[in-house]
Colleague: 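I'd like to ask you about the structure that follows.
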Amino acid sequence: MEQLNKIELRGNVGNVRLQTVGTNEAVHFSLATNYAYKGKDGTPVIETTWHNVVAWSGKGMPDFRKIEKGAFVYVSGRLRCQKYNTADGVEKQIYEVLANRLAIIEEDGNPQPAFGI
């Protein structure tokens, strides 16, 4: 049976960090997505989930310098788990989205790159 690891997100950017590795550029940022529903008592509830996103420069990627805190973006990619050891020897793991498509959504609702969402 074929395996599938795909994730699509639209949300607001939190912290952003640009990094240059050789001749390539990478951007690491947090992305907040919201889910709205009504609680048991009928009051509206907004559940916010934060995602870690990593994108490498290349085809279909926007100018990473335009990604700033508060920007509304679309991300498509795959989920991966990174394991590491802290300074005191505790093994930790984080999940991050490795983006292969990224678009900054302008206020008029149109994506910046030439692909459709």
Side-chain angles (χ1 to χ4, degrees):
M1 180 177 275
E2 185 177 340
Q3 297 181 4
L4 179 65
N5 181 357
K6 182 177 181 176
I7 188 166
E8 289 183 298
L9 301 168
R10 262 192 322 226
N12 294 95
V13 174
N15 294 325
V16 181
R17 181 172 53 97
L18 285 171
Q19 181 180 12
T20 302
V21 180
T23 59
N24 293 321
E25 195 174 48
V27 64
H28 301 258
F29 61 92
S30 56
L31 185 71
T33 57
N34 293 324
Y35 179 74
Y37 62 94
K38 288 189 178 182
K40 290 182 180 179
D41 59 356
T43 59
V45 178
I46 297 178
E47 178 183 294
T48 302
T49 303
W50 286 93
H51 312 272
N52 296 311
V53 179
V54 178
W56 290 86
S57 58
K59 184 178 178 182
M61 291 293 178
D63 181 1
F64 291 155
R65 290 177 292 280
K66 292 183 179 179
I67 299 172
E68 55 190 25
K69 188 173 186 169
F72 192 61
V73 298
Y74 165 83
V75 175
S76 174
R78 66 182 176 91
L79 193 62
R80 78 171 173 187
C81 180
Q82 294 282 78
K83 293 182 182 182
Y84 65 96
N85 291 317
T86 62
D88 53 348
V90 178
E91 184 176 289
K92 300 260 183 169
Q93 66 180 14
I94 60 166
Y95 288 89
E96 61 188 9
V97 176
L98 186 58
N100 57 23
R101 293 176 96 185
L102 178 61
I104 301 167
I105 308 298
E106 303 295 335
E107 289 184 25
D108 60 4
N110 293 324
Q112 186 191 35
F115 66 88
I117 295 178

Colleague: Could you measure the distance from the NZ atom of Lys69 to the OG atom of Ser30? Nearest 0.5 Å is fine.
Modeller: 8.0 Å
Colleague: Quick check for you: to the nearest 0.5 Å, what is the distance between Leu98 atom CG and Arg80 atom CZ?
Modeller: 4.5 Å
Colleague: In terms of hydrophobic clusters joined by side-chain contacts under 4.5 Å, are Leu31 and Met61 together?
Modeller: yes
Colleague: With sequence neighbours excluded, tell me which residues meet side-chain hydrogen bond (donor to acceptor under 3.5 Å, both in side chains) with Asn12.
Modeller: none
Colleague: Could you work out, with side-chain hydrogen bond (donor to acceptor under 3.5 Å, both in side chains) as the rule, every residue matching Asn15, not counting sequence neighbours?
Modeller: none
Colleague: Test: ring pair (Phe, Tyr, Trp, His ring centres under 6.0 Å). Region: residues 38-70. Which pairs qualify, not counting sequence neighbours?
Modeller: none
Colleague: Does Ser76 have any side-chain contact (heavy atoms from CB on, under 4.5 Å) partners at least two apart in sequence or in another chain, and if so, which?
Modeller: Lys6, Glu8, Tyr74, Asn100, Arg101
Colleague: Please enumerate all residues that pass side-chain contact (heavy atoms from CB on, under 4.5 Å) together with Asn5, with sequence neighbours excluded.
Modeller: Arg78, Leu79
Colleague: In terms of heavy-atom contacts, does CD1 of Ile46 have more than 12 from other residues, nucleotides or ligands at under 6.0 Å?
Modeller: no
Colleague: Please tabulate, for the side chains in residues 19-29, all donor-acceptor contacts under 3.5 angstrom to protein atoms that are two or more places apart in sequence or on a different chain.
Modeller:
from: Gln19; atom 1: OE1; to: His28; atom 2: NE2; distance (Å): 2.9
from: Glu25; atom 1: OE2; to: Arg65; atom 2: NH1; distance (Å): 3.4

Colleague: Please list, chain by chain and in numerical order, all residues satisfying side-chain contact (heavy atoms from CB on, under 4.5 Å) with Lys92, sequence neighbours excluded.
Modeller: Tyr84, Thr86, Val90
Colleague: Show every salt bridge (charged side-chain N to carboxylate O under 4.0 Å, His left out) that has at least one partner inside residues 36-47, sequence neighbours left out.
Modeller: none
Colleague: List for me each residue that meets ring-ring contact (aromatic ring centres under 6.0 Å, His included) alongside Tyr35, sequence neighbours excluded, and say none if there are none.
Modeller: Tyr37
Colleague: Under a 4.5 Å side-chain heavy-atom rule over Ile, Leu, Val, Met, Phe, Trp and Tyr, are Ile7 and Ile67 clustered together?
Modeller: yes
Colleague: Sequence neighbours excluded, which residues qualify as side-chain contact (heavy atoms from CB on, under 4.5 Å) partners of Gln93?
Modeller: Cys81, Lys83, Tyr95
Colleague: Where do Lys66 and Ile104 come nearest, in terms of heavy atoms and distance?
Modeller: CB-CD1, 3.6 Å
Colleague: Do the side chains of Leu102 and Leu9 join up, straight or via other hydrophobic residues, at under 4.5 Å, putting them in one cluster?
Modeller: yes
